[in-house]
Amino acid sequence: MALKLGAYTACLHDRPLSEALDILKENGLTSVEVNTGGFIPSPHCPVDLLLSSATAREEYLSAFADRGMELTGLNCNGNPLNPLPGVGPKHADDLRRTIRLAGLLGVEHVVTMSGTPGSDPDAKYPSWVVNPWDGVYMDVLDYQWGVAVEFWKGIDALARENDVRVAIEMHPHNVVFSPVTLKRLVDETGATNVGAEMDPSHLMWQGMDIVAAVKWLGPLVFHAAAKDATLCPGADIRGVLDTSFTRVPADAPGKVPTGYGFWCNAWPENPAWKFVAVGLGNDVPFWTEFLRALAEVNPDMAVNIEHEDAAYSQTEGLALAAKNLRSAAEAL
């Protein structure tokens, strides 16, 4: 038994699936995660076709098996609790369809985010509460957790029905953004098929001890991402909770969607933190200990690189991350 090292193919969204898989294989990776909806399109997974055709599913899985690779995760990151009518319902539907598709494909894990509701039943936009020292924010959290628990009870039941486990990425701007909030969701829903996707990058810039987080969650860690982050000099004056982003024009090429009519903003020139290729924010020995902690939970766990280092091209960054991740695994 050994950890399954691979990559999330979103960084190769402009290549056909066959080419993306060949690039992963060239870098010694055997595990694959593809997008199926939510914030971004799904160029590597024809969801409608696969839901409707057993023949298409067989042919699709053959593309992985023929290369000695395994489809270990379907990724549907989004905000299924967003009160905007063009976002929340669509992302929730994408998630339900993804769970059904995972069951049909025999893929054990669906990766997603918990989502964030508005502050109250009449809110138009989602609202993320970070530091509820003012009592009014406890009222907001009580409402949001009520919405989240009701939704996730239904998702847990659907996942159980389809023999799938849903792994939540603990991501800021969501009600679940830390091990503590992840466990709270599982406890309050009584979930059996909902746990964590251990993406360490967002926990890093929040100042958490990654190995301790893995050990604290233990069997609630279902799936993992290999994604690195580093604090930057800008943290000296910004702190890690920084709002000085700027808007990206609607006609900008390559803008990243987050919902109908919305897309990612531009980072500050002097950011507090940034994503970097695996091994550049934390050294290879750190990644060895991260993999060791994951292997203690499940020696067969999939660990998929998520490349978002803007300093490198798609293939260069992926190759560097794969090299360092393989080195970390060899040291186990």
Side-chain angles (χ1 to χ4, degrees), residues 5-15 19-29 31-35 39-41 43-44 73 75 77 111 113 169-173 197-208 210 223-235 238 240 242 244-246 248 252-258 263-291 294 302-329:
L5 305 184
Y8 175 34
T9 65
C11 65
L12 301 171
H13 61 89
D14 58 342
R15 321 286 178 98
E19 184 178 345
L21 294 180
D22 289 341
I23 291 171
L24 266 58
K25 185 174 181 179
E26 289 167 5
N27 284 287
L29 303 173
S31 171
V32 186
E33 186 176 321
V34 299
N35 203 73
F39 287 135
I40 61 177
H44 296 153
N75 191 307
N77 274 332
V111 177
M113 296 173 186
E169 180 179 350
M170 296 169 283
H171 195 294
H173 290 181
E197 188 236 14
M198 179 53 69
D199 179 340
S201 63
H202 297 286
L203 308 189
M204 289 170 180
W205 67 258
Q206 292 183 76
M208 299 184 206
I210 306 306
H223 193 77
K227 186 177 176 186
D228 210 344
T230 186
L231 292 181
C232 303
R238 300 181 187 280
V240 296
D242 180 33
S244 52
F245 287 58
T246 54
V248 171
K255 66 180 186 293
V256 179
T258 59
W263 48 91
C264 288
N265 294 316
W267 286 57
E269 291 185 7
N270 180 30
W273 58 272
K274 64 181 179 179
F275 298 124
V276 293
V278 171
L280 299 189
N282 293 271
D283 60 17
V284 169
F286 163 86
W287 286 98
T288 295
E289 293 311 306
F290 174 65
L291 295 179
L294 295 176
V303 186
N304 294 328
I305 294 165
E306 185 175 359
H307 168 51
E308 290 189 8
D309 188 335
Y312 293 87
S313 72
Q314 298 157 294
T315 53
E316 289 174 335
L318 186 60
L320 177 58
K323 175 179 177 292
N324 287 333
L325 188 64
R326 293 198 316 271
S327 295

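By convention here, the first residue in the shown sequence is residue 1.
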Going through the distances and angles, do E197 and N75 end up as a side chain to side chain donor-acceptor pair (under 3.5 Å)? CA-CA 10 Å; E197 188 236 14; N75 191 307; 5.2 Å; no

Test side-chain contact (heavy atoms from CB on, under 4.5 Å) on Y8 and V111 and set out the steps. CA-CA 11 Å; Y8 175 34; V111 177; over 6 Å; no

Determine, stepwise, if the pair M198 / M170 fulfils side-chain contact (heavy atoms from CB on, under 4.5 Å). CA-CA 7 Å; M198 179 53 69; M170 296 169 283; 3.7 Å; yes

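Annotation for N27 and R326: closest pair O-NH1, 2.5 Å, computed over non-hydrogen atoms. Between A272 and V240, the closest heavy-atom pair is CB-CA, 4.2 Å. Across V278 and A226, no two heavy atoms sit closer than the pair CG2-O, 3.5 Å. When all heavy atoms of T246 and N265 are compared, the closest pair comes out as O-CB, 3.2 Å. Nearest heavy atoms, V303 versus A225: CG1-C, 4.3 Å. Looking at every heavy atom in both residues, P271 comes nearest to C232 through O-CB, 3.1 Å.
To the nearest 0.5 Å, atoms CG (N77) and CD1 (I40) are separated by 8.0 Å. Taken to the nearest 0.5 Å, the NE2 atom of H223 stands 4.0 Å off from the CD atom of E33. Taking CG of L5 as the reference point, atom CD1 of I305 lies at 7.5 Å (rounded to 0.5 Å). With rounding to the nearest 0.5 angstrom, the CD atom of E26 is 9.5 Å from the OG1 atom of T315.
For H307 (side chain) and S313 (main-chain N/O), a donor-acceptor pair under 3.5 Å exists by modelled atom type. Side chain of N35 to main chain of T9: no donor-acceptor pair is present (N/O by atom type, distance under 3.5 Å, no hydrogens or angles). Panel note: side chain D228, backbone G281; a donor-acceptor pair is recorded below 3.5 Å. Checking side-chain atoms of E306 against main-chain N and O of K227 turns up no donor-acceptor pair under 3.5 Å. Side-chain N or O atoms of H44 include one that pairs as donor or acceptor with a backbone N or O of R15 at under 3.5 Å.
Atom NZ of K323 sits in a sparse spot, with 12 or fewer heavy atoms from other residues, nucleotides or ligands closer than 6.0 Å.
Residues meeting the side-chain hydrogen bond (donor to acceptor under 3.5 Å, both in side chains) test with S244, sequence neighbours left out: R238, D242. Under the side-chain contact (heavy atoms from CB on, under 4.5 Å) criterion, A328 pairs with V284, W287, T288, L291, not counting sequence neighbours. When the side-chain hydrogen bond (donor to acceptor under 3.5 Å, both in side chains) test is applied to N324, no partner is found at least two apart in sequence or on another chain. For A277, the side-chain contact (heavy atoms from CB on, under 4.5 Å) test picks out L280, D309, L320, with sequence neighbours left out. Residues meeting the side-chain contact (heavy atoms from CB on, under 4.5 Å) test with A229, sequence neighbours left out: S201, M204, F275.
Applying the salt bridge (Lys or Arg N to Asp or Glu O under 4.0 Å) test to every pair with at least one member in residues 278-287, sequence neighbours left out, gives no pairs at all.
Inter-residue side-chain proximity for L318 and L12 is flagged as met; some heavy-atom pair is nearer than 4.5 Å. Contact check for W273 versus W267: side-chain heavy atoms found under the 4.5 Å cut-off. With a 4.5 Å cut-off on side-chain heavy atoms, Q206 and P172 count as touching. Residues K274 and L231 form no side-chain contact, since every pair of their non-hydrogen atoms from C-beta on lies 4.5 Å or further apart.
Using the six-membered ring where Trp is involved, H202 and W205 have ring planes that are perpendicular, over 60° apart on the 30 and 60° scheme.
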